[in-house]
Structure formats: structure tokens, C-alpha cells
Amino acid sequence: KKENRNTLKEKAMVQCKNLTKKYGSKIALREATLHIYPGQIYALLGPNGSGKTTFMKILGDLTKESSGEVLFEGKPLSIQSRKDIAYLPTESQAYPFMTVGDYGKYHKSFFPDFQEEEYKAMLEEMDISLKLNFKSLSTGMDKKVRIAATLARNAKLVLLDEPFNGVDLLAREEIEKMIIDKKTEDKTILLSSHLVEEVEDYVQFAIFFHQGRVLAVEQVDTMQENKGQNLTERYRSLLGKKKEKKED
């Protein structure tokens, strides 16, 4: 459902001001300032190494910013806020000997908000048996199970780092359906992706990253009206010029 920016809740779920992360002499994120609103799906777009994963890890309180400020529902990130934030890393955290059912129990033991029946329902819809071992799963099936577990948490903020990486078209469609079905007025979903054209139909906002900087935050349904561009064209407009300049 398309929404005008004016209809969004006035209070942002996440507020970032001059957010910077350094690893030694390398600056992974540079003075990012933006607001993220509840009930939306955001796409984090940009090439590898542009700062998307670092940004997500800071929001998930998995790494600390070097400087700047990030607030979740008006308060600094803490152990308490972690209870409302779910994070899917790019790498699998499942042990090969685990069954799909064990993975659900593992999540339930760590996260009180994990809804086991929802997890099972998503897997059943995708025809994935709880008895399967992770070592027998394809890349796509592994990703679907881990995303189902992440979305089965009753979290306010869901962070999905490259959920479509390494999966085929059919698996991608099933993952997209899970994401769309789980978005609510109180739940915000951030996903990073290289598949710009694929996410355009269902994300409300796009955050464009380049070399650690946030180049722009755009509302997708007004992009054509305001910029005369769709999401793919806007991506090329912002990042194509950067690439050309670097090559020159």
C-alpha cells in the first residue's frame, strides 16, 4: 500500500545523527544522518563495501559507532532495545547437525518473543520439513529457514542483510512473500539488496549508500513524480555517476 510521507507517524522509530564507524584507518560509515519510520519496508542499496552491513550492525547493537548518535524509540541502543530488534546476518549461524525444528527451538530459547507456531506455519507454506538437517539444505532453503526464524520474532525492527543473496528466482519470491506478509504498522523492515528492480514493487523507502556515505533517502512511490525516475533509474543516477568518476 502506497503512503504519503505526511501520513507517517511523526515520531521516527530510529534516529541517526552524524553516525560514523571506523575500523582503524578505514571509515566504514561516514556521518550518516537519517530517520527511519515505523510500519515501512526500507531497501538499503549500494555496492559491496558501501556501508550497508555496518549500518545494520550498529542498529542491531552488534557493533558500536565511533561517533555520532543513534536512538531507538527515542532512547540510546541498549540490552533492552535488543529485545525489539531482530537481525539476519549474511552468514548462516545454524550448526550443520541441527534440524530445521531444532533451529526454531534454538531461537525460542534465546528470544522470548519468538513465535514458534508462526515459524512452523511459514515453513509449512514453503513445504520445508522440520526434520531436515541444515547440512542437507540448499543455499536457498537455508536462507528461507533463517529468514522465517527472524521474521517469526515479534520484533519492532527487523534487519535482513542480503536476504536474496545466492537464491534462485522461486526462492526469492517465497522470501519476498514472507517479508511483505510480516510487515505491520508497528514493524519496520530494513533489507539490503543488489536486486534493485526486484524490490521496487514493495519497498516504501530506499536508502542509497556509497563509500560509507548515505547519498539519499527516497520515498519510492513519489520518486517518479518528484525526480522523474523509478528506483532503478534513481540508483543509476546516484551511483552510476560515482562509479564513472572513480573510473576516470
Side-chain angles (χ1 to χ4, degrees), residues 40-57 59-60 62 85-104 106-107 111 114-115 118-153 155 157-183 187-209 220 230-232 235-236 239:
Q40 310 297 308
I41 301 178
Y42 285 76
L44 278 57
L45 305 174
N48 288 333
S50 60
K52 303 187 300 296
T53 294
T54 298
F55 181 66
M56 280 193 174
K57 285 185 174 180
L59 294 191
L62 299 173
I85 301 172
Y87 174 70
L88 174 85
T90 52
E91 65 279 359
S92 180
Q93 294 177 312
Y95 295 106
F97 60 81
M98 272 185 169
T99 66
V100 172
D102 289 337
Y103 192 64
Y106 172 81
H107 268 69
F111 305 109
F114 182 75
Q115 301 167 87
E118 283 204 27
Y119 172 67
K120 291 178 179 178
M122 283 187 275
L123 296 176
E124 185 177 352
E125 189 168 344
M126 294 184 290
D127 199 26
I128 298 176
S129 170
L130 295 172
K131 297 179 181 180
L132 288 173
N133 284 91
F134 266 85
K135 63 183 178 183
S136 69
L137 300 182
S138 65
T139 300
M141 288 180 73
D142 177 286
K143 189 67 69 77
K144 285 188 287 186
V145 171
R146 293 192 297 115
I147 291 172
T150 306
L151 291 172
R153 285 189 56 196
L157 179 62
V158 178
L159 309 168
L160 305 175
D161 197 356
E162 294 292 349
F164 309 117
N165 193 32
V167 303
D168 62 27
L169 174 64
L170 296 179
R172 189 163 71 238
E173 288 176 347
E174 289 181 305
I175 291 169
E176 288 171 351
K177 184 179 186 304
M178 279 195 289
I179 292 170
I180 294 167
D181 287 347
K182 292 304 173 185
K183 192 207 75 159
K187 186 190 294 287
T188 297
I189 299 174
L190 270 66
L191 62 90
S192 60
S193 179
H194 297 294
L195 304 171
V196 182
E197 294 177 355
E198 299 292 338
V199 303
E200 183 163 15
D201 288 340
Y202 60 88
V203 302
Q204 284 77 52
F205 287 88
I207 306 174
F208 297 91
F209 287 81
V220 175
N230 60 28
L231 185 58
T232 303
Y235 183 95
R236 287 179 177 144
L239 293 164

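There is a side-chain donor-acceptor pair under 3.5 Å between Asn48 and His194. Residues Ser136 and Asn133 bring no donor and acceptor atom of their side chains to less than 3.5 Å of each other.
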message: Working note: Leu191 + Val199, criterion side chain to side chain contact (heavy atoms under 4.5 Å, CB included); need CA distance, chi angles, decisive distance, verdict.
response: CA-CA 10 Å; Leu191 62 90; Val199 303; 4.1 Å; yes
- prompt: Are Tyr119 and Val100 close enough, and set up right, to give a side chain to side chain contact (heavy atoms under 4.5 Å, CB included), and what steps lead you there?
  reply: CA-CA 10 Å; Tyr119 172 67; Val100 172; 3.4 Å; yes
query: Could you go step by step and tell me if Phe55 and Leu59 meet the side chain to side chain contact (heavy atoms under 4.5 Å, CB included) rule?
result: CA-CA 6 Å; Phe55 181 66; Leu59 294 191; 3.7 Å; yes
- request: Apply side chain to side chain contact (heavy atoms under 4.5 Å, CB included) to Tyr95 and Phe134, showing your working.
  value: CA-CA 7 Å; Tyr95 295 106; Phe134 266 85; over 6 Å; no
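Annotation for Leu123 and Ala148: closest pair CD2-CB, 4.2 Å, computed over non-hydrogen atoms. The heavy-atom pair separating Pro47 from Tyr235 by the smallest distance is N-OH, 3.8 Å. The minimum heavy-atom distance between Ile41 and Tyr202, with the atom names listed, is CD1-O, 3.8 Å. Minimum heavy-atom separation, Val167 to Thr139: CG1-O, 4.5 Å. Among all heavy-atom pairs drawn from Ala152 and Phe114, the shortest one is CB-CE1, 3.6 Å. Between Ser193 and Phe164 the shortest heavy-atom distance is OG-CD1, 3.7 Å.
His107 and Phe111 have tilted rings, their planes meeting at an angle from 30° to 60° on a 0 to 90° scale. Using cut-offs of 30° and 60° for the angle between ring planes, the Tyr42 and Phe205 rings count as parallel.
Atom CG of Leu190 and atom CD of Gln40 lie 11.0 Å apart (nearest 0.5 Å). To the nearest 0.5 Å, the span separating CG on Asp168 from NZ on Lys143 amounts to 11.5 Å. Atom CE of Met122 is separated from atom CG of Asp181 by 9.5 Å, given to the nearest 0.5 angstrom. Between the CG atom in Leu45 and the CD1 atom in Ile207 there is a gap of 9.0 Å [rounded to 0.5 Å]. Atoms CG and CE, on Leu160 and Met56 in that order, are 6.5 Å from each other to the nearest 0.5 Å. Between the NZ atom in Lys187 and the CD1 atom in Ile179 there is a gap of 12.0 Å [rounded to 0.5 Å].
Residues Asp201 and Glu176 have side chains not in contact (no heavy-atom distance under 4.5 Å, counting atoms from C-beta outward). Side chains of Asp161 and Pro89 form no contact here, defined as non-hydrogen atoms less than 4.5 Å apart.
Within the 3.5 Å criterion, the main-chain N or O of Gly46 finds a donor-acceptor partner in the side chain of Lys52. The backbone N or O of Ala171 lies less than 3.5 Å from no partner atom in the side chain of Lys144, so there is not a single donor-acceptor pair. Between the Thr188 side chain and the Leu157 main chain, no donor and acceptor come within less than 3.5 Å of each other. Counting only distance, with no hydrogens or angles, the side chain of Lys131 and the backbone of Thr99 share no donor-acceptor pair below 3.5 Å. The backbone N or O of Ile85 lies less than 3.5 Å from a partner atom in the side chain of Arg153, making a donor-acceptor pair.
Heavy atoms of other residues, nucleotides or ligands lying less than 6.0 angstrom from CD of Glu173 number more than 12. Within 6.0 Å of the NZ atom in Lys182, the count of heavy atoms belonging to other residues, nucleotides or ligands exceeds 12.
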